[in-house]
Number of protein chains: 2
Amino acid sequence: MAVTDVADPFDMSLAAISKHLMILTRAGLISQEKRGRVKWCKLEPDALRAASVWMQGFGQFEPVNLDAFERFLATELPQRE
Amino acid sequence: MAVTDVADPFDMSLAAISKHLMILTRAGLISQEKRGRVKWCKLEPDALRAASVWMQGFGQFEPVNLDAFERFLATELPQRE
DNA sequence: GGCAAGATCAACCGATCAGTTGAATATGGC
DNA sequence: GCCATATTCAACTGATCGGTTGATCTTGCC
C-alpha cells in the first residue's frame, strides 16, 4: 500500500500521515520500501507478539510458560508470509 | 500496596504518583480501596487480556480463534485470586 | 523538457502532557 | 486536642505532541 493510499481515507495532510508512518516504521509495526517515487508500506504481523506475550504475564506471579504459548500460537494461528 | 509505598522507589512527588494511579485506575489496570486514611492499590491481573488478544490478531487475515486462545489461557496460566 | 505526482522537510502553533509546589482535607496516634 | 501522616487539589510551567502550511526534492508521464 502506497503512502498516498494510506492517507486517502483520512481527513488530514499528507505530511501528517508521512510523520505517522515514520513512527510506525521506527516502532517496527510496518516496513517501507521505495520503488521509484512510490513508498510501499507493509504491515509487520509479528510486530506485537512480544508485547502480547508480556501482557499475558501482566500481574502473574509465575511467568507465562512461553514455550507452551509459542506452540499454541504456531498451531492455532494461521501462518502468514 | 499503599500509595506512599508505590511512590517510595520513585524520585518524584507524591502528587505526581497520585495522578498516575488515578489514570491507572480509570484504565482498569489497578483498583483502589480506601481504608482509613490509607488508599490500598491492587493490580488487576486480567486488565490487559483483551489487549493481548487483540495484539495476537494484529496483521492476521483471519481473526484469532478466541475460544481456543481462552482455553489455552485457562490451562497454561496459573489462576489468581 | 515541462509538468504532475509522490513524499518529506522545516518551521510553526495550539493543545496536551507530566511534572512541581503549596495548600487543603481526612484520618490516626499519642 | 494537637500533631503527624496520607492523599488530593489547583495552579503553574516547561516539554512534547500532533497537526498544518509552504517549500523542496525525486521520480514518472506525456
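Order of the sequence lines sets the chain letters (A, B, ...), proteins ahead of strands, with each chain counted from 1. The basis for the numbers below is simple: all heavy atoms, side chains too, and nothing from hydrogens, waters or symmetry mates.
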> Using a heavy-atom cut-off of 4.0 Å to chain B, what are the terminal contacting nucleotides of DNA chain C, in 5' to 3' order?
C:dG19 to C:dG28
> I need the B:M22 CE to B:K39 NZ distance, nearest 0.5 Å.
5.5 Å
> Suppose we screen for salt bridge (Lys or Arg N to Asp or Glu O under 4.0 Å). Which residues come up paired with B:D46, at least two apart in sequence or across chains?
B:R49
> Given atom CG of A:L14 and atom P of D:dG22, what is their separation to the nearest angstrom?
15 Å
> What's the shortest heavy-atom distance between B:G28 and B:A47, and which atoms?
O-CB, 3.3 Å
> If I compare all heavy atoms of B:L21 with all of B:Q32, which pair ends up nearest, and what's the gap?
CB-NE2, 3.8 Å
> Are B:I30 and A:F58 co-members of a hydrophobic cluster defined by side-chain heavy atoms under 4.5 Å apart?
yes
> Looking only at the side chain of B:K19 (C-beta and beyond, no hydrogens), which of the listed nucleotides D:dG19, D:dA11, D:dT21 gets closest?
D:dA11
> Please enumerate all residues that pass salt bridge (Lys or Arg N to Asp or Glu O under 4.0 Å) together with A:D8, with sequence neighbours excluded.
none
> Provide the closest heavy-atom pair for B:M12 versus B:I17 in the form atom of the first, atom of the second, distance.
CG-CD1, 3.9 Å
> Just to be sure I understand the geometry, which residues of residues 6-13 of chain A put a non-hydrogen atom under 4.0 Å away from DNA chain D?
A:M12, A:S13
> On DNA chain D, nearest-nucleotide positions of A:G36 versus A:A16: which is more 5'?
A:A16
> From B:L43 CG over to B:L48 CG, what is the distance, rounded to the nearest 0.5 angstrom?
8.5 Å
> Which atom pair, heavy atoms only, marks the closest approach of A:L14 to A:V3?
CD1-CG1, 4.0 Å
> Any side-chain N or O of B:T4 less than 4.0 Å from the OP1 or OP2 oxygen of D:dT5?
no
> Nearest 0.5 angstrom please: B:H20 NE2 to B:T25 OG1, how far?
12.5 Å
> Under the salt bridge (Lys or Arg N to Asp or Glu O under 4.0 Å) rule, collect the residues that match up with A:R26, sequence neighbours excluded.
none
> To the nearest Å, give me how far apart CZ (A:R37) and P (D:dT26) are.
15 Å
> Quick check on contacts: within residues 20-34 of chain B, what sits under 4.0 Å from DNA chain C by heavy-atom distance?
B:H20
